[in-house]
Every structure is written in C-alpha cells, then in structure tokens.
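Note on naming: letters A, B, ... go to the chains in the order of the sequence lines (proteins, then strands), and numbering restarts at 1 for each one.
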Protein chains: 2
Amino acid sequence: MAIKEKVEMTTSEREIMRVVWTLGNATSKDIVDMLEAKKEWKPATAKTFIGRLVKKGFLLAESEGNKYIYSAAISEEDSVRTAAHRLFEQICHKQAGKTIADMLADAPLSHRDIELIQQVLDGKKKHAVDEVACNCVPGQCKCKCSTH
Amino acid sequence: MAIKEKVEMTTSEREIMRVVWTLGNATSKDIVDMLEAKKEWKPATAKTFIGRLVKKGFLLAESEGNKYIYSAAISEEDSVRTAAHRLFEQICHKQAGKTIADMLADAPLSHRDIELIQQVLDGKKKHAVDEVACNCVPGQCKCKCSTH
DNA sequence: CCATTTCGTTTACATTTGTAATCGATTGTT
DNA sequence: AACAATCGATTACAAATGTAAACGAAATGG
C-alpha cells in the first residue's frame, strides 16, 4: 500500500528528507550543514522546511534537551513510489508502458538493476492483457475522442 | 533532447494540455466543455489556465476571428518524458533501477508494451555498468555518507 | 552566573498555483 | 442597427511554496 499520502511533499522538502533518509536520525544542524552548500539556503530556510515536514507528518521529532532528533515517518522507497504514482495518474494508462520504456532508456542501470527489472517484467508477462483499458474522460485521450 | 523546458507545467495546466493533445486543435470552448464535468471548473478557471499555458509557451494560439485556435507547442510524449526526468532528478541515480522496477510492477501493461520494454531492456544490457555512480552530494544518500 | 551560541517557533513577504468574477471587444442574431 | 452571446484579457484573492529575518528559550562556555 503506502499510497494514502494525501499531503504532498514539495521538491524542497524532499531535499530535507533525503538527508534524513540517509542519516537515519538527524538534528537540524546536520540537515542545515548538509544542504547549505548544495542549495545555498540560509539556515532559517532549511528550518522552515523542517517545520513544515513535521507538521505534514513526514518527519518525526523526538525531543532531546533543547533540540529534536528528526527521523523519517515514511521510507524513501514509499515516497518515491508515491511520487511516481502521481505522475502516472496524470497520463492515460495506455501510455504507461511507453513511458516506462522511455524512462528505462534514459536511466543509468547496473547489471543487477537489469536483472531485477527483467524479473519484474517476466512476472508481468503472465498477467499482461491484450489491450490496456483507457482511464481517461472523453476528450482527454484519443481512445475516447468521440467529438472529433 | 526536449528537456530544456525550464518552465514547469502544473497539474491543472496538464489537464488542459491533455485535451489539446487529444484534439490536436481546440478552441477554448472545446477545452472548457471537455473539462467542466471532470474538474468541476467554472469556464473562467479553465481560461486562466489556458492563458498561463500560452504565456509559458506550452500552447500556441492562432487567431481566428475573435477567438483563438489552440495547439500544443510540445508533444505529450516529450512533456511526460520531462516530468519523469524531473522525478528522477530528485532521487539518487543508484535508485533509478529499483524505482523503475516498482513502477513496472504497478503499471497495467499490454503484451505489446511488454515487448517494447523488453526490447529497450535488451538494448540496455549491452551498456550496463557494474555499479551505477551516485550523483548525490554527501549526506543525501548512503553511498557518500561520510559523516556517520 | 553571565554572555554567547544554538534551537525551534513565529512572523514576513514574494511568487506560484488554484479558483473565479468582471469587463471590454467582437460576433452573431433579429 | 440594436441586442445578446461569446471570447480573451484583466483583476482578485486565497492557499501553497520558497526564502528568510527576528525572537525567545535553553544550553554551554567561561
């Protein structure tokens, strides 16, 4: 599952999350230090995003003295899966295959990655359909274009 | 290429574009009619998005009488490719393979889709590396976590 | 114990996005 | 020619997002 996530994570917020995902536990100082170079953020800026992430429930904050130890409330995998899911929600199901093929062509892959993908692909072969059903409203994709 | 697209297309704007991509050419009325049901937008709302898309350069507007005939300045494929690219920019290259595998597992696929993906995958086999290089700044992914 | 640094919170403000009303020009209708 | 419908542009405003300063509490160094 893991696709209930009603709240969105913004790009900037994801930068923060990546640090936390990497370190496992992090103080705001850890986060600020890691991102100051890459993002040219003032410490206050990173703090704003941390605060919003806590409010949105993506970050857990455990009090320790006068500071908090932050940890992720969702896994990076789930989060990326959700983001990918959102992307696919915006296109016709019929295009999913082509889109994945495009991404595949673009992606840097190791032999192990390829093996993994091959496995998943083999699995899909069993349940493949002849024709993917279009999920669009009329007028938003050619399969159901009744007006032209 | 087609990944120069500095400007972003929002989710709502993409809904408009999908209609135009489908119809090829569309008047604002076409667009409004198609989306009124799905999105529950007032005509004025759709018009706002149309205007913004023109300003952003995603829609071309050819004057005809007192109205415009709109057409897409970029193909849906390119646009989806760009969106996918943006997603991948936010994760470590090392995770790309696993992410694609996840998306693959989730996607509805036809036999033809699978064939296409298999072909691309076979192509990638030749250039696969042993280990994908990490593209993250230290602290944003475990391969370069020097501080813990 | 006092000064300083450090944290998280609050507040601020510009930009983008979502949502829409209004308005002036134009076109089609009578 | 007068009037109604239509269209694009302008304007409006709230919410989300990016960016950050200021502030107050707490810890820490002397």
Name the closest nucleotide to the B:Lys42 side chain, picking from C:dG8, D:dT17, C:dA21. C:dA21
Going by heavy atoms in the side chains, are A:Arg18 and B:Cys92 under 4.5 Å from each other? yes
Just the rounded figure in Å: distance from P of C:dT19 to NZ of B:Lys38. 13 Å
Whole Å only: how far is the NZ atom of A:Lys55 from the C1' atom of D:dA16? 12 Å
Presence of salt bridge, A:Glu131 and A:Lys94, under 4.0 angstrom: yes
Has B:Thr45 got a side-chain N or O lying under 4.0 Å from the OP1 or OP2 atom of C:dG18? no
Nearest to the side chain of A:Tyr70, heavy atoms from C-beta on, is which of C:dG8, D:dG18, C:dA20? C:dG8
For B:Phe58 and C:dT17, give me the distance from atom CZ to atom C1', rounded to whole Å. 14 Å
Roughly how many Å is it from CD in B:Glu36 to P in C:dA20, rounded to a whole number? 10 Å
Tell me which nucleotide among C:dT17, C:dC7, C:dT27 gets nearest to the side chain of B:Asn66. C:dT27
Expressed in angstrom and rounded to an integer, what is the separation of B:Ile50 atom CD1 from C:dT19 atom P? 15 Å
Using a cut-off of less than 4.0 Å, is there contact between a side-chain N or O of A:Trp41 and OP1 or OP2 of D:dT19? yes
A:Arg52 has a side chain; which of D:dT17, C:dT17, C:dG8 sits nearest to it? D:dT17
By the 4.0 Å heavy-atom rule, please label B:Lys56 as base, sugar-phosphate, or nothing. sugar-phosphate
Polar contact flag, side-chain donor to acceptor under 3.5 angstrom, A:Glu15-B:Gln90: no
Do the side chain of A:Lys124 and the main chain of B:Ala105 share a donor and acceptor less than 3.5 angstrom apart? yes
Interatomic distance where CG belongs to B:Asp30 and C1' belongs to D:dC7 [whole Å]: 13 Å
Using a heavy-atom cut-off of under 4.0 Å over every strand shown, decide if A:Lys47 touches base, sugar-phosphate, or nothing. base
When the distance from CD1 of A:Ile16 to P of D:dG18 is rounded to whole Å, what number comes out? 11 Å
Using 4.0 Å as the upper bound for N to carboxylate O, is an ion pair formed by B:Arg86 and B:Glu8? yes
Integer-rounded Å distance: C:dA20 C1' and B:Leu35 CG: 16 Å
Taking for A:Gly65 and for B:Tyr68 the nucleotide of DNA chain D with the nearest heavy atom, the one nearer the 5' end belongs to B:Tyr68
In terms of side-chain heavy atoms, does A:Asp102 have a donor or acceptor partner in A:Thr99 at a distance below 3.5 Å? no
side-chain N/O A:Thr10 vs D:dG18 OP1/OP2, d < 4.0 Å: yes
Ranking C:dG8, D:dA21, D:dC7 by distance to the side chain of B:Ser28, first place goes to D:dC7
Shortest side-chain distance from A:Phe49, nucleotide among C:dT19, D:dG18, D:dG8: D:dG18
Closest to the B:Thr48 side chain: C:dG18, C:dT9, C:dT19? C:dT19
